[in-house]
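Side chains are part of it too, since the values below use all heavy atoms of this structure and drop only hydrogens, waters and symmetry mates. To find a chain, count down the sequence lines: A is the first, B the second, and so on, and within it residues start at 1.
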Amino acid sequence: MNDSAVYDHSKIEANWKNKWFADNLYEAVDFSPKPKKFILAELPYPSGKYLHVGHMMRYTVPEIYSRYLRMKGFNVLFPMGWDSFGLPAETFALKSNSTPRKVLDQAIPEYKKSMMDMGYAIDWTREIDTSQPDFYKWTQWMFLKMWEAGLAEIKEMPVWWCQALGVLADEEVLTKPDGTRVSERDNHPVERKIFKQWVLKITKYADKMLDGLDKTQYTPSVKQAQVNWIGKKEGINITYKIVDDSGKDTKKTVTCFTTRPDTNFGATFVVIAPEHPLVEQITPKGQLGKVQKYVKDALNKSELQRTSEKTKSGIFTGTYALNTLTKTKMPIFVADYVLAQYGTGAVVGVPGHDKRDFEFAKHYGLPILRVVVGTDGDTTEITKVEQVQEESGKMINSGFLDEMDINKATDIMINYMEEKGYGEKHTTYKLRDQIWSRQRYWGEPIPLVYTKDNEIEPDYNLPLKLPELTPEVMSGRKDFPTLDQFQEFISTSDSKGREAKRETDTMPTWAGSNWYYIRYIDPKNTEEFANYDKLKYWLPVDKYYGDAGHTTAHLLYTRFWYKFLYDLGLVPHTEPIMYRMSGGLLLGEDNRKMSKSRPEFVVNPEDAVQNYGADAVRTYLAFIGPYDETYPWCTDGLKAIARFIKNAFSLKFKVKNNIKDTEVEKAYNKMVKTVTEMCEGFKMNTAVSQLMIFVNLLKKKDEIDIDIWKGFIRVLAPFAPFVAEELWQEINGFETWKKENSVHLASWPDYDKTKIADDTFQVPVQINGKVRAVIEVTKDISEDEVKAIAYKNENVKKFLNSQIPGKVIYIKEKILNIVL
RNA sequence: GGGCGAGUGGUGGAAUGGUAUACACGGCGGACUUAAAAUCCGCUGGCCGCAAGGCUAUAAGGGUUCGACUCCCUUCUCGCCCACCA
């Protein structure tokens, strides 16, 4: 046997890999006349020495899809890069006793090698690295644009904070099942602290982001998640006069946001958040000490304490809000169940119709009034939380609203209050401004300068580079210094040449990820972040694949950033991404999340590729199940795929010219048709099973026609690119490698519909919906003929039992159902 | 508590109104082998039956339909995201 007789995956893969990448086979061509497809997979953040098998799970299926599209005649952009700023690299560096740059410079080539070993069809000339100055220059530039537009502000904000990592964004904090909050990275306990923070005013784009959803093809659930995250609510801000114990006007007011002003006749108290500025202003001196103590305790309470408390805590301020409708005095409380950041930070308590208010009222002995009656007609006193009515009903005990449906009453009350000047219609959002600073070293420096007069000026001399972590800087340190510890970095001059100081916060982990995908389009441009005409050619992203945890917030921020660039006329469309799908998880063989604590269940992708070949690993990851679901790794499954690849390879010895086999011909055309449909539908798992069915048939044959073989190789190519290339080169007799002869630039085969059509087909015969026989009939048979054949069938006769059929349903080529 | 999604053999899954369990794993039986591995062949949802065949099964219950894993309602369970959001 010669060399080519044995399937040796290591040899085949090493050979083709080098040739492909040397010739940049998967080049994405700017302005190609072919139609474009931009297939985007979230770039990894290197946080360890090697690529994780979970990454491969995420990338393989979209990559197969991108190969399919290329063969279908599209100019495909399937790029890759490194999201390398932020905590992951810092933590990785600290663990390695090194610096972020050094560990990245080691890890990135390893990650890249793993991707090349997998044969990923990436145009590496477009590689990006978000922590390189030529990239972050533009992140800084865009931030300055935001600042110019008034969308970047410095604000006092309560933020999550932990000793080890400093300030964290909400998204970097996880809630454990017991209610405690910890940092996403390394599980440090976190607490709430007030800090000055740069924030981006994403809320200004809330409505644009809601409206833009119509322009996308997101699935309903992705759209719904965007809508929910934005959380637009229309209601009214009602302003109440505040009086003291004796009923004297204090000249102060409290404004409460509510979506349910219809229940205002049932309002019996007001609650303000501990952080609310009114706390200090309205609390009488005698009361102030006690109230301040409550506020302090509330703010310092851990999340665990807050959520584990059975009763809602609060304290009476000693003053009252006047309910103009009922002319009653509503005591004003401070309580930590009211959030400072949502609405006005003050809530009007309607205990009969809000569960939280009910619990609070019950605990403090406040009156509970019924102003809505449900379908049960119950108008008795509300004593249990189950009786609290929230969703529907009619108004009672509510003056001019009585008998009205609650929705109508809401409208009428809003108009009434506006007319009387008690309140104003108001729209509020759950969406919060995005925190844009952190007190860490490894991030984009914020290019702003504080003058002597404490004015803020932009520094357009970009990139503003991070100071280096020299051995001198690091000597005697365990953690990285923050920028305020680099004197040379801090001191600068303002636009008038006077001494000034730099901002020492850096940008958050996700700064680069808000726009990184744009840079793939023009990664080497030094004049602008990307050439507009190139953007016009490549954008929007056709499909975006990534981690399920990034489906909502990351997508929203990406859309916000893009819409901002659009408003500046810098990008060509209003929506950057047309479609989003998130991948499931790959669990260990023990059906649990792969974890370093159970190393025996952690799959090392390098080992898998070495032992079974990249083609097998790729095809296995495609075959294992639908992209968006979660399932365990199974080594036996991988072995089976390795066997399949080997079987497919061995078929080559049977290939001959001019073999006529109608069974194979039909099966081939069916296979091409279904695999094509399944690739279109992103169902790579069933596409692989179609390939298996076809190979199982070919295995039984002694000879295979060369044209069918060539077609099969092309269909196999996106899944198992190495073996496909090997077989393709061999069958075509290409002796020396030429890029244009690659199977991966060959066209996807067509199929012949006429060869698929069966002359006969099977019709199940049902009696009362149960299959009693299957009859074989010819193609253009009439309904009557089908019936005649069916009635002759012994089993059908048996079940008809000489009865006369009442109704007979015949669906052509599908089914015959006889109803007795 | 809210939103979204899912529940099908021993396992991963297939079928989105028309023969439920494709494809694959695992298991069982057999061939080859001194033996094992590898490979190949056969069987494999459950129950009854020698067989033909029958009954039964897609989380549970109900409904629509000639026909339901698929559509609708109720309940349960799991996953993800959000969560004292007024």
Side-chain angles (χ1 to χ4, degrees), chain A residues 170-171 175 179 219-225 227-229 231 233 235 256-261 263 271 273 303 306-307 309 312 335-339 341-350 353-357 359-360 390 428-432 548-553 582 584-585 587 591 620 623-626 628-641 643-644 646-647 674 683 685-693 695-696 699 762-774 794-795 798-799 805-820:
Chain A
D170 289 353
E171 292 85 338
T175 308
T219 56
S221 66
V222 171
K223 277 190 190 174
Q224 193 58 50
V227 170
N228 291 348
W229 191 278
K233 282 255 174 94
C256 302
F257 176 73
T258 178
T259 56
R260 292 291 307 279
T263 60
V271 186
E303 204 64 27
R306 270 206 192 189
T307 46
E309 274 165 3
K312 295 204 179 329
D336 62 8
Y337 80 91
V338 170
L339 303 177
Q341 299 93 335
Y342 185 74
T344 58
V347 167
V348 53
V350 184
H353 306 284
D354 180 283
K355 283 185 178 145
R356 294 152 306 188
D357 295 345
E359 284 168 19
F360 192 79
E390 288 186 293
T428 193
Y429 302 89
K430 283 191 201 174
L431 185 67
R432 310 242 181 103
H550 301 154
T551 313
T552 308
S582 299
L585 280 181
L587 306 174
N591 227 323
Y620 171 65
F623 179 64
I624 187 169
D628 51 357
E629 309 238 335
T630 293
Y631 16 66
W633 175 265
C634 170
T635 305
D636 281 328
L638 175 60
K639 283 183 190 165
I641 299 286
R643 207 179 303 143
F644 160 73
K646 197 176 150 195
N647 286 336
T674 40
K683 292 180 181 169
N685 54 331
T686 49
V688 173
S689 52
Q690 292 305 312
L691 290 170
M692 287 174 170
I693 292 168
V695 166
N696 287 345
K699 267 162 67 182
Q762 294 189 323
V763 174
V765 181
Q766 296 184 333
I767 292 164
N768 287 339
K770 289 200 175 180
V771 178
R772 296 302 178 187
V774 179
E794 285 305 320
N795 213 39
K798 189 175 128 194
F799 278 90
K807 195 171 171 187
V808 180
I809 290 115
Y810 176 62
I811 311 292
K812 194 167 178 274
E813 300 181 21
K814 288 247 167 100
I815 206 152
L816 180 72
N817 192 7
I818 301 165
V819 186
L820 294 178

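- Counting atom types as modelled, A:Lys355 pairs no side-chain N or O with a base atom of B:rC84 as donor and acceptor under 3.5 Å.
- Between A:Arg772 and B:rG54 there is a side-chain polar atom (N or O) within less than 4.0 angstrom of OP1 or OP2.
- Comparing B:rG79 with B:rU8, their P atoms are spaced 14 Å from each other, to the whole Å.
- Going from atom CD1 of A:Ile693 over to atom P of B:rA22 covers 10 Å, rounded to whole Å.
- Checked against B:rC40, B:rA14, B:rA24, the side chain of A:Met692 finds its nearest nucleotide in B:rA24.
- Positionally, the nearest nucleotide of RNA chain B for A:Tyr631 lies more toward the 5' end than for the other of A:Val763 and A:Tyr631.
- In this structure a side-chain-to-backbone donor-acceptor pair under 3.5 Å is missing from A:Tyr631 to A:Ile624.
- For B:rA22, neither phosphate oxygen OP1 nor OP2 lies less than 4.0 angstrom from any side-chain nitrogen or oxygen of A:Asn685.
- We find that CG of A:Asn228 is positioned 14 Å from C1' of B:rG1, with the value rounded to whole Å.
- Annotation: side chain of A:Val338 is not in contact with side chain of A:Lys312 (no heavy-atom distance under 4.5 Å).
- Among the nucleotides B:rA24, B:rG13, B:rC84, the one closest to any side-chain atom of A:Pro626 is B:rG13.
- Both distances falling under 3.5 Å, in either a Watson-Crick or a G-U wobble arrangement, place B:rC71 opposite B:rG63.
- Ring geometry for A:Phe360 versus A:Tyr337: interplanar angle of 30 to 60°, hence tilted.
- Distance check on atom P: B:rU70 versus B:rU74 gives 16 Å, rounded to whole Å.
- Other residues, nucleotides and ligands place no more than 12 heavy atoms under 6.0 Å from the NZ atom of A:Lys646.
- Contact annotation: A:Lys639 side-chain N/O to B:rA24 OP1/OP2 distance is not under 4.0 Å.
- B:rC80: Watson-Crick or G-U partner is B:rG3, with both key distances under 3.5 Å.
- In this structure, B:rG9 forms no base pair with any nucleotide, since neither Watson-Crick nor G-U wobble geometry is met with both distances under 3.5 Å.
- Spacing between B:rC55 and B:rA68 at atom P, rounded to whole Å, works out to 15 Å.
- Within 4.0 Å (heavy atoms only), A:Gln762 reaches at least one base atom of the nucleic acid.
- Near RNA chain B, defined here as any heavy-atom distance below 4.0 Å, the residues from residues 811-820 of chain A are A:Ile811, A:Lys814, A:Ile815, A:Asn817, A:Val819, listed numerically.
- Counting only heavy atoms from C-beta on, A:Asp636 has its side chain closest to B:rC25 among B:rC25, B:rA15, B:rA20.
- The NZ atom of A:Lys430 sits 6.5 Å away from the OH atom of A:Tyr342 when rounded to the nearest 0.5 Å.
- Within 4.0 Å (heavy atoms only), A:Gln766 reaches at least one base atom of the nucleic acid.
- If you check every strand for non-hydrogen atoms under 4.0 Å, A:Ala640 touches sugar and phosphate atoms only.
- Rounded to whole Å, the P atom of B:rA22 lies 8 Å from the corresponding atom of B:rG45.
- Between atom CG of residue A:Asn696 and atom CZ of residue A:Phe644 there is a gap of 8.5 Å, rounded to the nearest 0.5 Å.
- Spacing of C1' atoms, B:rA86 relative to B:rG12, comes out at 46 Å, to the nearest Å.
- Regarding A:Leu585, its CG atom lies at a distance of 15 Å from the C1' atom of B:rA6, rounded to whole Å.
- Residue A:Asp357 is classed as having no contact, given no heavy-atom separation below 4.0 Å to the nucleic acid.
- For the pair A:Asn647 CG and B:rC23 P, the computed distance is 15 Å after rounding to whole Å.
- Distance noted for atom C1' between B:rC73 and B:rU64: 11 Å (whole Å).
- For B:rG67 and B:rU56, the P atoms lie 15 Å apart once the distance is rounded to whole Å.
- For A:Thr259, whose side chain is taken as the heavy atoms from C-beta onward, the closest listed nucleotide among B:rA86, B:rU19, B:rG12 is B:rA86.
- With rounding to whole Å, A:Phe623 atom CZ is found 11 Å from B:rG13 atom P.
- Within the 4.0 angstrom heavy-atom criterion, no nucleotide atom of any strand lies near A:Phe644.
- Classification of B:rG9 as syn follows from a glycosidic angle within 90° of 0.
- The side chain of A:Tyr342 places an N or O atom within less than 4.0 Å of a non-bridging phosphate oxygen (OP1 or OP2) of B:rA86.
- Mapped onto RNA chain B by nearest heavy atom, A:Lys807 and A:Phe257 fall at different nucleotides, with A:Lys807 at the one closer to the 5' end.
- Side chain of A:Ile624, nearest nucleotide from B:rC40, B:rC4, B:rG12: B:rG12.
- Residue contacts shown for A:Tyr810 are absent, as no nucleic acid heavy atom lies under 4.0 Å away.
- Across all strands shown, B:rC40 forms a Watson-Crick or G-U wobble pair, both distances under 3.5 Å, with B:rG30.
- Residue contacts for A:Thr630: at a heavy-atom cut-off of 4.0 Å it reaches the sugar-phosphate backbone alone, with no base atom in range.
- No option in A:Leu820, A:Asn817, A:Ile818 other than A:Leu820 meets the side chain to side chain contact (heavy atoms under 4.5 Å, CB included) test with A:Asn768.
- For A:Val774, whose side chain is taken as the heavy atoms from C-beta onward, the closest listed nucleotide among B:rU19, B:rU56, B:rC84 is B:rU19.
- Proximity of A:Lys233 to the phosphate of B:rA86: a side-chain N or O atom is located under 4.0 Å from OP1 or OP2.
- In this structure, NE2 in A:His353 is found 8.0 Å from CZ in A:Arg260, a value given to the nearest 0.5 Å.
- We find that CG of A:Leu339 is positioned 16 Å from P of B:rC82, with the value rounded to whole Å.
- At the phosphate of B:rC23, neither OP1 nor OP2 sits under 4.0 Å from any side-chain N or O atom of A:Arg643.
- At least one donor-acceptor pair closer than 3.5 Å links the side chain of A:Asp357 to the backbone N or O of A:Val350.
- Contact annotation for A:Lys430: base contact, defined as any heavy-atom pair under 4.0 Å involving a base atom.
- Every residue two or more places apart in sequence or in another chain that forms a side-chain contact (heavy atoms from CB on, under 4.5 Å) with A:Lys770 is listed here: A:Arg772.
- In this entry the distance linking CG of A:Asn768 with P of B:rC55 reads 11 Å, nearest Å.
- When the C1' atom is compared between B:rC81 and B:rC28, the two are found 45 Å apart, to the nearest whole Å.
- For the atom pair CD1 of A:Ile693 and OG1 of A:Thr674, the computed distance is 7.5 Å after rounding to the nearest 0.5 Å.
- Ranking B:rG53, B:rU19, B:rC4 by closeness to the A:Gln224 side chain, first place goes to B:rC4.
- When rounded to the nearest whole Å, the span between CG of A:Asn591 and P of B:rG79 equals 12 Å.
- Backbone-only contact: A:Asn696 has heavy atoms under 4.0 Å from sugar-phosphate atoms and none from a base.
- A distance of 11.0 Å separates CD1 in A:Ile641 from CG in A:Asn647, rounded to the nearest 0.5 Å.
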